[in-house]
Peer 1: 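One structure follows; several queries about it will come next.
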Amino acid sequence: MTDKNIPKAYEPNKVEDSIYKKWESSGLFEPNKKADNKPFSISMPPPNATGTLHLGHAVMLAIEDIMARYARMKGRPTLWLPGTDHAAIATENKVEKDLLKKSKKTKQELGREKFLKEVNDFVASSQNTIKKQMRKMGASCDWSRERYTLDEGLSRCVQEVFIKMYNDGLIYRGHRIVNWCTRCQSTLADDEVEYKEQYAKFYYLKYGPVTIGTARPETKVLDKVIIVHPDDKRYKEYIGKSLNVPWIDGTVKAIFVADKAADMDFGSGAMTITPAHSFLDFDLAKKYGFEIKQIIGPDGKLTENGGKFAGMDVREAREAIVKELDKKGLIEKIDENYVHNLSVCYRCDTPVEPLVSEQWFVSVDKPAREWRNKKQSLKKIALDAVKSGDIEIVPKRFNKTYFNWMDSLHDWCISRQIWFGHRIPVWYRKNDKSDYVVSIKSPGKDYEQDPDTLDTWFSSALWTFSTLLDKPKKDDTLDSWIERNRKKGKDLANFHPTTVMETGYDILFFWIARMILMTTYVLGEIPFKTVYLHGLIRDKQGRKMSKSLGNGIDPLDMIEKYGADATRLSLVLGTTAGNDSRLYEEKIAGYRNFINKIWNIARFILTSDAKTPVQTPHGDVSLLADKWIESRLQNLISETTEHYEKYEYSLAGEKIYDFLWHDLADWYVEISKCTDAPAGRLSLAPDILLQAIKLLHPFTPFVTEEIFQRLKKGKLIKTDDKFLASSEWPKVSTRHGAYPQKTKPCTEDRRSYGTRVEQDFKVLQDLITAIRDMRAKYSLPYSEKLDAVIATRKHKNLFQEQELVVEALTKVRIQVLPSKPVEKQNFIRSHASEFDIFIKLSANHFKKQKQNLSIEKEQLDQYIKILEKKLSNKNFLQNAPENVIKQEQEKLQDAEKKLKKLVHSHQT
RNA sequence: GGGCGCUUAGCUCAGCUGGUUAGAGCGCUUGUUUUACACACAAGAGGCCGGGGGUUCGACUCCCUCAGCGCCCACCA
């Protein structure tokens, strides 16, 4: 069978989309019900519904697709569940900005309902973009089960979980200090705050008999408690006393309190506290029962407590207050070079104000539920899930990071003062906030729903199981709903806990930790058995990719230019779990070349008519090359399967790459080209290629599928599989009379790696390379046929057998002898450890070679003499700088080495 | 301050539980229109595996230490 209609170069954008469509419509992305192995499931970390595909998504999709495709081919019912995230603050911010630009209106002006309609419209229109882009990547996820964090089922789940937690006393409303973004007008969780180092003025202020330091004088208006360390001798006399102190807005009555919170070595060792605007001070105030008075309001302006500064925004107030302090002579000095960690909002970069506010919290320390026969807190359970080994984190070192974070976890503030998201299912009686009902439906007309929404991570935390639940019934409670879904045949029963959670290490805390926290609570089981963390993609210099630096790479551009397969390889190969990797275009181009290489191996096989296809794997394989490639393939299958199992995708991919290019293409195909072997021999190529592209398919689904279809159409392989994507994973076998597997190093002789066949073939390769080397060194073009004598005892039979192969690949006719030829005239020689090569040249040619040699040798000799003379010159040695002498010595050594080599290789 | 990672060829990186001659891609040098591929082929150059010390028959690999780079967490009034 031949097919001459194959493009010379693989053209990904001509085939990828249609291949994807065929896969998707065939239903192969849905779990195979006939498969009877243990199920494999993976929840896709949902990209933001309004985002576009970036490299972070691309890596995620590439790795997860590898996992899913591998599992599928291994015969496991495989579910990779896709979805999108409403990304509350991020989306709301975006729409807010657009709105302001478009119609110069704020969201408040528009009103809640209309604004939410805007947001939902925007989501609906942009959601499809990212879904299309995910398909471009080749992601084999089950679109029939696609979910959205704000869809009906998930919203219900979120609210039901809230209610359950409230009833269990795990969600409470509290007046506490929180991080407040004055731009978003909302609270932020601890980990939604970022810190930016910057220079700030640091003021030393006279406060009665002591000096206090601060970078934020505007918060200090009402300060009247001085904390000093109990062991601090300087302030011993004051402890417990109170005195009148002239201060910003008149005189305040200040008291001294001893607490170890004060650092004796920092500043003056004395500090005043601002309970309403500092986490540490808030705790101290609670501890001692001090008054907590708000100075800064949610609008970022000073409240009426700020006296004459009330109404000023923070910056203004700072200036005014510093002026006032200066006027009163209370400024001792100002340090201009103070490095300050400014806290900013992770979404909009606005400085964050810690302030006291009434919010909803999840308690992580209260006893929550039974876990291993003991009632334990959310935190304890989440710690145990990893400590016990039930959840395995890859790479392991992130266990420690996880424990550290979990250990120091505080109660989680879950209410956000934004509109887009899951509204808190709490209803207040009008005019009385303390009279409220927690329920999904309104309890009555005189009730109003809490205007706040839930932290976006609250819904994400339920992702692995909430996406597997069926449609809730009207009167379902969380428990009845879950109970029903635990029944045999239901997705939750089949696929939860999920097998793997794959994501970037940057959201270990945001997401992974919270999923563990919430899922163990709701279901009493872990959300996933393994967490695989990938690293971040950086540019070639190792910098983060960002819009402002303009160093970003758009994965879609790369797919367009080089194909999805090449793009995927560039994101997975040469990387390891948990480590960042660098990406640049040449790297992708390199993998494009590889894809093209595979294409051309297939093209060769498809277009060469000399070979009879192998109908069935058979035992009659007697040629060394056949045995060798078969042995290599079997090793490849066993090695790469092991790597896949251990999540070592980079290693697996590189080994397949190496096999296809450097074993199959460079040697097997080359040999098969030039041997006039009997039909049926050297014709394993189609089958070997098939096995290899199966192994590679999870990495490069498109090109391998395209090749498979063409091999099938050309009847070069025997298969009933509709798609390569749904074919069976290769198994290690001894078919084709393959030799036994390469084993671990033997105990008695560690040098005897590999099989006999592979060793023999290696020697053959060495011989061919050595002859080619001689051709290059002596400038002997391949157009000139040559004769050579190979002297070897050890490999006499091998070389004699492989005479034709050697001749075809080197254009040198060889004669194999057990010893060196007697007549050595006109021979050039090369020596290897187990054989010697003597190539016969014509008398003329030989003379020319000798001349070349002698000229080169003479030049080197002269150079060495000069250097030696220089280095024995006392003057030079005494006066020249050390590094120059060293350089000269090195030059001499190099030259001597070169000469030795030259003489050696030209010996006749 | 606490924790973690990295340092291997010019560049970007592999190298699993210690064991052949330390590998790959790109780049470089030389040659080649060899009937799959110039997105190619062939050959080659290039490495005290960050420094020092230790364990071992044997260390890129394990331990200690120093140096440089990077990340995460905490956060100082």
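Here is the naming used below: chain letters follow the sequence lines, and residue numbers restart at 1 for every chain.
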Peer 1: Identify whether any heavy atom of A/G269 sits under 4.0 Å from a base atom; if not, whether one sits that close to sugar-phosphate; answer base, sugar-phosphate or nothing.
Peer 2: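 Answer is base: heavy atoms of A/G269 come under 4.0 Å of a base.
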Peer 1: Please evaluate the base of B/A36 for a donor-acceptor partner in the side chain of A/K673 within a cut-off of under 3.5 Å?
Peer 2: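 Flag set: donor-acceptor pair detected.
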Peer 1: State, to 0.1 Å, how close A/T810 and A/R772 come at their nearest heavy-atom pair, and which atoms those are.
Peer 2: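 Closest approach of A/T810 to A/R772, heavy atoms only: CG2-CG, 4.3 Å.
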Peer 1: Report which part of the nucleic acid A/T272 touches: base, sugar-phosphate, or nothing (heavy-atom distance under 4.0 Å, all strands).
Peer 2: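 Sugar-phosphate contact only - A/T272 comes under 4.0 Å of backbone atoms but never of a base.
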Peer 1: Under 30°, 30 to 60°, or over 60°: which ring-plane class applies to A/W661 and A/F594, parallel, tilted or perpendicular?
Peer 2: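 If you compare the ring of A/W661 with that of A/F594, the planes turn out parallel.
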Peer 1: Touch check for A/A665, heavy atoms < 4.0 angstrom, all strands: base, sugar-phosphate only, or nothing?
Peer 2: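 Answer is base: heavy atoms of A/A665 come under 4.0 Å of a base.
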Peer 1: Taking donor-acceptor contacts at under 3.5 Å, does the side chain of A/N596 reach the base of B/C37?
Peer 2: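 Side chain to base: no pair present.
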Peer 1: Mind checking A/S650 for me? I need base, sugar-phosphate or nothing, with any heavy atom below 4.0 Å counting as a touch.
Peer 2: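 The residue A/S650 makes no contact with any strand.
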Peer 1: Under 3.5 Å, is there any donor-acceptor pair linking the side chain of A/E670 to the base of B/A36?
Peer 2: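 Yes, the side chain and the base share a sub-3.5 Å donor-acceptor pair.
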Peer 1: Look at all strands and tell whether A/K655 reaches a base, only sugar-phosphate, or nothing, counting heavy atoms closer than 4.0 Å.
Peer 2: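 It contacts nothing in the nucleic acid.
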Peer 1: Would you indicate what A/G590 reaches in the nucleic acid, counting non-hydrogen atoms under 4.0 angstrom: base, sugar-phosphate, or nothing?
Peer 2: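 No contact at all - A/G590 keeps every heavy atom at 4.0 Å or more from the nucleic acid.
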Peer 1: Counting just side-chain N and O atoms, does A/K396 come under 4.0 Å of either OP1 or OP2 of B/C4?
Peer 2: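 False: A/K396 side-chain N/O out of range (4.0 Å or more) of B/C4 OP1/OP2.
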Peer 1: Answer with base, sugar-phosphate or nothing: what part of the nucleic acid does A/S408 contact at a heavy-atom distance below 4.0 Å?
Peer 2: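 Counting heavy atoms under 4.0 Å across all strands, no contact is made by A/S408.
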Peer 1: Which is true for A/R592 with a 4.0 Å heavy-atom rule: it touches a base, it touches only sugar-phosphate, or it touches nothing?
Peer 2: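 Counting heavy atoms under 4.0 Å across all strands, the contact made by A/R592 includes a base.
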Peer 1: Mind checking if A/H277 touches a base, just sugar-phosphate, or nothing, with heavy atoms under 4.0 Å?
Peer 2: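 A/H277: no heavy atom of the nucleic acid under 4.0 Å.
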Peer 1: Look at all strands and tell whether A/D506 reaches a base, only sugar-phosphate, or nothing, counting heavy atoms closer than 4.0 Å.
Peer 2: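 Result for A/D506 = nothing.
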Peer 1: Within less than 4.0 Å of OP1 or OP2 of B/G2, is there a side-chain N or O belonging to A/W405?
Peer 2: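 No, A/W405 has no side-chain N/O under 4.0 Å of OP1/OP2 on B/G2.
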Peer 1: Scan A/Y402 against the nucleic acid and name what it touches under 4.0 Å (heavy atoms): base, sugar-phosphate only, or nothing.
Peer 2: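 If one applies the 4.0 Å heavy-atom cut-off, A/Y402 turns out to touch nothing in the nucleic acid.
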Peer 1: Using a 4.0 Å heavy-atom cut-off across all strands, classify A/Y657 as base, sugar-phosphate, or nothing.
Peer 2: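 Answer is sugar-phosphate: A/Y657 comes under 4.0 Å of backbone atoms only.
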